[in-house]
Amino acid sequence: MTSLTKTRWVYAFGGGAADGDASMKNLLGGKGANLAEMSSLGLPVPPGFTITTECCTHYYANEQRYPDDMKAQVEQGLARVEELTGKRFGDAVNPLLVSVRSGARASMPGMMDTVLNLGLNDQTVEGLAKLSGDRRFAFDSYRRFIQMYSNVVLDLDHHMFEEILDEHKERLDVTVDTALTAEDWEKVVADYKKAVAAELGSDFPQDPQAQLWGAVGAVFASWMNDRAKFYRRMHDIPESWGTAVNIQSMVFGNMGETSATGVAFTRNPSTGEARLYGEFLINAQGEDVVAGIRTPQALTRIAREEMGDKQPSMEEALPEVFEQFKAAVDRLESHYRDMQDIEFTVEQGRLYMLQTRNGKRTAKAALKIAVDLAAQGVITQEEAIMRVEPASLDQLLHPTIDPASERDVIAQGLPASPGAATGKIVFDADEAERLAAIHESVILVRDETSPEDIHGMHAAKAILTARGGMTSHAAVVARGMGRPCVSGAGEVQIHAKAGEFRVRGRTFKAGEIITVDGSTGEVLAGAVKMIEPELTGDFATLMVWADALRRLKVRANAETPLDARTARQFGAEGIGLCRTEHMFFEEDRISAVREMILASDEKGRRTALAKILPMQRADFVELFTIMEGLPVTIRLLDPPLHEFLPHTEEDLKALAQSAGLELAVLERRVKELHETNPMLGHRGCRLGVSYPEIYEMQVRAIFEAACEIAESGKTPPCPEIMHPLVAKGEEMKFLRQLTDRVAKQVLAERKLDFPYLVGTMVELPRAAIRAADLAENAEFFSFGTNDLTQTTFGISRDDSGRFLAAYMDKGIFEKDPFVSLDQEGVGDLIRIAAERGRAQRPEIKLGICGEHGGDPASIDFCERVGLDYVSCSPYRVPIARLAAAQSAIGEREKDR
Ligand code: PEP
Ligand code: MG
């Protein structure tokens, strides 16, 4: 049966009306939906239409063919634009020119393709020349179009065109494009066309219809380019969303001194300050601002004065248009109730709004804007909480440069993305990626960045560019990624081929260490002392609001006093995982630990354990003191014993000597401990079952420490003793008895009593499935999702990096399951374990302590299955607090 209602593939906008609106982002993409909304608001939007994301999805589902009835709808759309503008597409006298731009549901800046000035050919360029009264402008536009179209649609290298232009400039003995006359541009155009014909074996397409369909195809194709794929992976954007295509009548910011183009944010995207912020260029096209080739001018007089810039601001250069613009941006911010990122063009004194969207912002700005808007009553506290991306808080949870430290400032640029980082100078994105893969910290140093550099920017700890403003590619992408960035440090002269840059009479070579301070714009020689982040101001305010709304408790994985203090400072409500083996590695005890491992019998082991006991006890006293009565989950020894032994010949010899053993004996013992598959071997509670004396020592240390705290008059902690890698109910029973026996002994010795819990990690599929057996003796479960992921997939958590990338490229995994919980598979096991555990023991406490405990998507899962708490690394605690609040709000919304 054929459907009677035809699918609508094309939505018109402009001329004070629109088919769509801002709520239709999924169908029209962000750009298309907002163009429609702005049109309906009566703002000056050049008329155009949007081809839907559904069309893109259809295109990819049908061997890259357009739907049958789409062509007619595009023609109708174009006819409407012709009517509104009074121009005709392809007309030699009064030609309509259009831009063709991508626009996905989520913004993907610079990742996909755009073609401007489309519709120009040998005839229409003459029409444009007459119409504008500016032949130079017309041919300049034509050459830009040929270059852009050839690059984007015909896949020709843009360097070819740059070389031709350089030859012309050399011949004319000029250095800047503005020195070229109309005749010069005509010659450049002729050479461009010749070059295209030579490369392609056919002429540059002259038919505007052919140009249009070529560009639409290229935009759809750019959804699948490597950059876009990489960006999607990084930002969890599903491939199935597709992109829309926006076709819009061109307006020109390069039609003389009363024309301009720019970008604006209604608030500062770096700091959140509530003041119009942005840049513009007189007599330029949009790409000139973003490309960072010319240094743009400020929008407002105040900003210009603060920057000490000599070029006039928009407020001063184009006062009337500025007033109109200011009114439009204020209207947009109050309409969208959020900070807007706006693109605009002024064509011969007339303002046009080309784009608005909720502006990308740093975490610091996001917090300030959310808290400010809530304080003004524009949004609710719940909305404020939902406005801040939990993962972005990571930007604020890292060290910044200690203001008291000495700074050897070598250059000053723009503070494009906050935070500071130290690393080795690298001039190339591939090299940055290569070095980062071997755990080197690198700073990517470039004249400017382009979307091809995105993998290098991701790999780098920070980015430094010599050119470009606050909205240059480097600045925008770095802010989005949370990388510190200094842009436009013009005094830095980069000689990438020579592997060095020069600045203020000094030379810095690739591999030398520098520090980039994206908060001040300073570049410093060498490494600089950093200070720990603090949770204050807007950040603290939002956290208080979040805490009031979340249900899940948030604990930290911590074993050192430093980690425990950091965790508390960031608001952890207890320790969810103290990995006791980390305490075994400390220098003052590793020899006793090795003695225990090397002992040939129980007696020998007990002697060594007696030496470790006071040290472990002291560790726990410190931990309990810091945690002041909050719950502390202590996991007993987990890794296979061979991990504590040295591996190099030299270290073995040294150990033999210090332990008074023959090297041969030692080597034999190391061999005995060797396992083919240690992660599935003699580890976890299996150690406690084979050598109960190890766990007995640890339980004793825990309880003696707790008694010490209680005896000193402080609040005794509630120790939670956790057994790792349990698979069977009988194992749990054995471990429970062991724990209770030692606990009771110590409590009796000290004549004290306080509550404690005994529980298990759930790290094995069998443990999850037989959760009821475990719950007979376990008072809590903590999902060890690192191991549970490893054992569920049968994929080694240590080696998966080598091949998971291929799985993600092929779309078999959307995300790395060791980073974000596999909710279907591992998640199902968690659900089963929670249900069966609760059925056996209704009051059982449930938490998660694998890395996933700090991942917002995984936290959302934990909220939905009703766990009691998540536990994550101390620096992720604020992220988890916010994510937990967002999930709780989300769940409540569902119930409404
Ligand atoms: C786990 O397996 O998820 C866990 C937290 O334990 P570990 O990472 O120490 O194996
Ligand atoms: Mg584990």
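Whatever order the structure lists them in is the order used to number ligands and atoms, beginning at 1.
- Aromatic ring orientation, His458 versus Phe230: perpendicular (interplanar angle above 60°, classes split at 30° and 60°).
- Within 6.0 Å of CD on Glu440 lie more than 12 heavy atoms contributed by other residues, nucleotides or ligands.
- Closest approach of Ser871 to Gly576, counting heavy atoms only: OG-CA, 3.2 Å.
- Summary: OD2 is the N/O/S atom of Asp787 found nearest to the Mg ion (ligand 2).
- Between His235 and Tyr231, the ring-plane angle classifies as parallel under the 30° and 60° cut-offs.
- Residues that satisfy the side-chain hydrogen bond (donor to acceptor under 3.5 Å, both in side chains) test with Arg232, not counting sequence neighbours, are absent from this structure.
- At least one N/O/S atom of Glu763, whether from backbone or side chain, sits less than 2.8 Å from the Mg ion (ligand 2).
- Ring pair Tyr756/Phe703 is perpendicular by interplanar angle, where above 60° counts as perpendicular and below 30° as parallel.
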Run through all N or O atoms in ligand 1 and write down each protein N or O closer than 3.5 Å, as a pair with its distance.
{"from": "ligand 1", "atom 1": "2 (O)", "to": "Glu763", "atom 2": "OE2", "distance (Å)": "2.9"}
{"from": "ligand 1", "atom 1": "2 (O)", "to": "Asp787", "atom 2": "N", "distance (Å)": "2.9"}
{"from": "ligand 1", "atom 1": "2 (O)", "to": "Asp787", "atom 2": "OD2", "distance (Å)": "3.0"}
{"from": "ligand 1", "atom 1": "3 (O)", "to": "Gly784", "atom 2": "O", "distance (Å)": "3.2"}
{"from": "ligand 1", "atom 1": "3 (O)", "to": "Thr785", "atom 2": "N", "distance (Å)": "3.0"}
{"from": "ligand 1", "atom 1": "3 (O)", "to": "Asn786", "atom 2": "N", "distance (Å)": "2.7"}
{"from": "ligand 1", "atom 1": "3 (O)", "to": "Asn786", "atom 2": "ND2", "distance (Å)": "3.3"}
{"from": "ligand 1", "atom 1": "6 (O)", "to": "Arg635", "atom 2": "NH1", "distance (Å)": "3.0"}
{"from": "ligand 1", "atom 1": "8 (O)", "to": "Arg579", "atom 2": "NH2", "distance (Å)": "2.7"}
{"from": "ligand 1", "atom 1": "8 (O)", "to": "Asn786", "atom 2": "ND2", "distance (Å)": "2.9"}
{"from": "ligand 1", "atom 1": "8 (O)", "to": "Arg797", "atom 2": "NH2", "distance (Å)": "2.7"}
{"from": "ligand 1", "atom 1": "9 (O)", "to": "Arg579", "atom 2": "NE", "distance (Å)": "2.7"}
{"from": "ligand 1", "atom 1": "9 (O)", "to": "Arg579", "atom 2": "NH2", "distance (Å)": "3.4"}
{"from": "ligand 1", "atom 1": "9 (O)", "to": "Arg635", "atom 2": "NH1", "distance (Å)": "3.0"}
{"from": "ligand 1", "atom 1": "9 (O)", "to": "Arg635", "atom 2": "NH2", "distance (Å)": "2.9"}
{"from": "ligand 1", "atom 1": "10 (O)", "to": "Asp787", "atom 2": "OD2", "distance (Å)": "3.0"}
{"from": "ligand 1", "atom 1": "10 (O)", "to": "Arg797", "atom 2": "NH1", "distance (Å)": "2.9"}

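- Note that CZ of Arg836 and CD1 of Ile769 are 7.0 Å apart. Values are rounded to the nearest 0.5 Å.
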